[in-house]
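In what follows, chains carry the letters A, B, and so on, assigned in the order in which the sequence lines appear, proteins first and then strands, with residues in each chain numbered from 1.
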Amino acid sequence: MSYDTALTVFSPDGQLFQVEYAMEAVKRGLCCVGVRGKDAIILGVEKKATSKLQDVKTIKKVYQLDHNLCMTFSGLNADARILANQTRLQCQQYKIYYEDDPSVDYIAKFTSQQQQKFTQRGGARPYGISTLIAGFSNNKPKLFQTDPSGACSEWKATSLGKSAKQVKDFLEKHWREGLHEKDALLLTTKALMDVVESGNKNIELCVIRKNECWFLNENEVEELTKITAQLQ
Amino acid sequence: MDSIFGLQGGDFVIIACDGSIAHSILKIKETEDKILKLDDHKIFGISGEGADRNSFGELVHKNHSLIRYKTGGYMNLQETAHFVRSMYAQAIRSRDGPHQCNGLLGGVDSDGTPSLYWLDYLGSLQKITRGAQGYANYFLLGLLDNQYKPNLTKEEGIEIIKKCIKELQTRFLIAQNKFIVKIVTKQGIEVITI
């Protein structure tokens with residue numbers, strides 16, 4: 001008997017296969033990287049055009065959830081859009097109730113709770129994405145990761161998707177506490193450039209500062225990739 | 001009992017509100033800010049019972065933010081005004097009934113064009129160059145019509161608002177001492193207390 005077609009069935013050795021398969025979908029997704037610095041968090045993500053006719057500039061994979069909170073992902077694009085919109089709504093609802101910005105871990109927990117809901121419901125499938133959520137709480141930068149099983153954890157630097165292991169090894173070697181924004185940005189770019197097809201068109205970068213988010217435009221990304229290539 | 005009034009100039013919009021909150025014969029507060037800041041270039045002055053004013057104001061502010069994050073873009077004045085109008089309109093035939101507050105929405109678009117909109121609790125929307133909500137209408141419309149001319153400068157606009165305030169303080173039964181005046185220009189929002 002196969003235990004992997006229905007979500008609400010455990011296998012004899014205690015696995016939920018649908019959730020595992022969802023994590024496989026994430027592993028096949030395009031690479032994304034998050035690096036926590038001292039005064040900023042950098043999110044970088046690989047973009048890929050499915051054909052030469054597609055305008056890669058218009059693909060936006062880093063979602064702004066609030067004025068100083070951003071999210072990116074690896075996995076199914078459409079699932080990410082839905083989850084991002086739900087989280088944006090939750091940010092605003094929190095503000096109506098508490099007259100204060102939600103903390104990053106509140107939002108990360110909310111996102112992971114949404115993902116968990118769909119690991120226990122019949123007739124629905126899990127979200128096929130793992131997310132990186134970055135923002136500031138109590139003036140401290142925080143980076144969280146969620147996955148299709150509904151797990152949520154805080155990270156100093158991490159990566160998701162294809163080549164995640166390679167990038168994580170690189171980050172483990174080169175990340176250190178107290179990186180300034182510029183250094184964190186270079187580190188993220190370098191980590192991405194190692195695994196992404198060359199070309200600034202294929203990278204999207206976002207810097208999350210205490211009170212704002214800076215989405216690098218095409219020219220700024222190109223500048224950065226040039227500098228990073230020279231440093232190597 | 002709130003007075004909200006405003007006018008649109010050549011490159012700015014002014015909205016002024018009285019600062020008082022009263023409960024039967026008691027004046028609870030004189031410095032209440034009834035003009036909500038939606039973002040750096042939009043303000044929404046709301047007149048009505050305290051609870052409705054606050055709750056509707058918060059709803060508008062948070063929904064406005066939500067739309068901006070969802071669409072990744074900036075809503076101009078016309079879109080915002082129509083959006084607020086639709087919030088009013090959806091409420092009137094809902095279970096909880098209409099939002100019991102009226103408003104003046106004003107601001108400046110990214111190209112510098114100012115606009116001022118008059119909204120009421122049933123979902124009326126009108127683009128105006130000068131106007132008021134509440135009892136202020138009876139005292140100020142004549143004065144605003146008289147003083148207004150196209151392409152006013154910011155200084156002229158402030159002078160007209162000062163005249164309006166003086167008129168209310170002279171003739172309106174309910175003593176209103178402090179007024180909060182917000183001016184939106186391309187550079188942002190300026191606040192003065194008169």
Side-chain angles (χ1 to χ4, degrees), chain A residues 43 45 47 55-73 77-102 104 106-107 110-111 114 131 133-135 204-206 208 211-218, chain B residues 21 29 31-44 46 48-76 79-80 83-84 86-88 90-91 94-101 103 105 107 110 187-189:
Chain A
L43 289 178
V45 59
K47 302 196 280 196
D55 193 351
V56 186
K57 284 201 301 274
T58 60
I59 304 176
K60 283 208 76 184
K61 288 177 79 179
V62 181
Y63 295 104
Q64 183 166 15
L65 305 177
D66 200 357
H67 65 105
N68 61 352
L69 193 65
C70 282
M71 169 187 126
T72 191
F73 68 96
N77 278 13
D79 284 7
R81 202 170 59 229
I82 302 296
L83 207 50
N85 281 336
Q86 284 175 352
T87 314
R88 283 166 173 154
L89 181 60
Q90 183 64 14
C91 280
Q92 297 303 322
Q93 266 183 7
Y94 186 99
K95 287 193 220 209
I96 284 197
Y97 291 142
Y98 303 107
E99 195 65 30
D100 201 7
D101 292 339
V104 193
Y106 176 87
I107 289 301
F110 172 79
T111 311
Q114 290 301 103
T131 70
I133 298 175
E204 186 178 343
L205 286 163
C206 172
I208 296 100
N211 287 317
E212 57 170 3
C213 298
W214 171 33
F215 290 87
L216 277 75
N217 64 34
E218 226 185 309
Chain B
I21 299 199
K29 194 177 177 190
T31 51
E32 174 78 358
D33 186 354
K34 298 174 188 169
I35 305 176
L36 183 66
K37 174 184 158 179
L38 290 182
D39 68 24
D40 288 331
H41 295 94
K42 291 191 199 91
I43 52 177
F44 186 34
I46 317 176
E49 271 313 299
D52 295 288
R53 182 167 48 79
N54 271 318
S55 75
F56 186 63
E58 277 178 2
L59 261 179
V60 168
H61 184 262
K62 293 348 181 211
N63 273 305
H64 173 258
S65 297
L66 183 62
I67 291 180
R68 280 183 52 186
Y69 291 126
K70 271 171 101 163
T71 60
Y74 178 75
M75 270 215 288
N76 67 23
E79 292 163 346
T80 311
F83 172 68
V84 178
S86 74
M87 288 186 74
Y88 274 124
Q90 273 169 6
S94 72
R95 193 176 165 278
D96 295 329
H99 298 289
Q100 301 280 14
C101 54
L105 174 72
S110 48
Q187 283 70 41
I189 302 176

Side chain to side chain, B/Cys101 and B/Tyr88, heavy atoms closer than 4.5 Å: yes
Closest non-hydrogen atom pair between A/Phe110 and A/Thr87, with its separation: CE2-CA, 3.9 Å
Cation over ring face, B/Lys42 and B/Tyr74, 6.0 Å, 45°: yes
Top contributor to chain A contacts, counting heavy-atom pairs under 4.5 Å, from B/Glu58, B/His61, B/Arg68, B/Lys70: B/Lys70
Sidechain-backbone polar pair: B/Glu32 side chain, B/Ile21 backbone, donor-acceptor under 3.5 Å: no
Option in A/Ile96, A/Asn85, A/Leu89 with maximal non-hydrogen atom pairs under 4.5 Å from chain B: A/Ile96
Proximity breakdown for A/Gln93 and chain B, heavy-atom pairs closer than 4.5 Å: neither
Side chain proximity check, B/His99 to B/Leu59, heavy atoms < 4.5 angstrom: yes
Close side-chain approach of B/Leu36 and B/Arg53, heavy atoms under 4.5 Å: no
Check: A/Gln86 side chain, A/Leu83 main-chain N or O, donor-acceptor pair, under 3.5 Å: no
Proximity of residues 63-71 of chain A to chain B, residues having a non-hydrogen atom under 4.5 angstrom: A/Gln64, A/Leu65, A/Asp66, A/His67
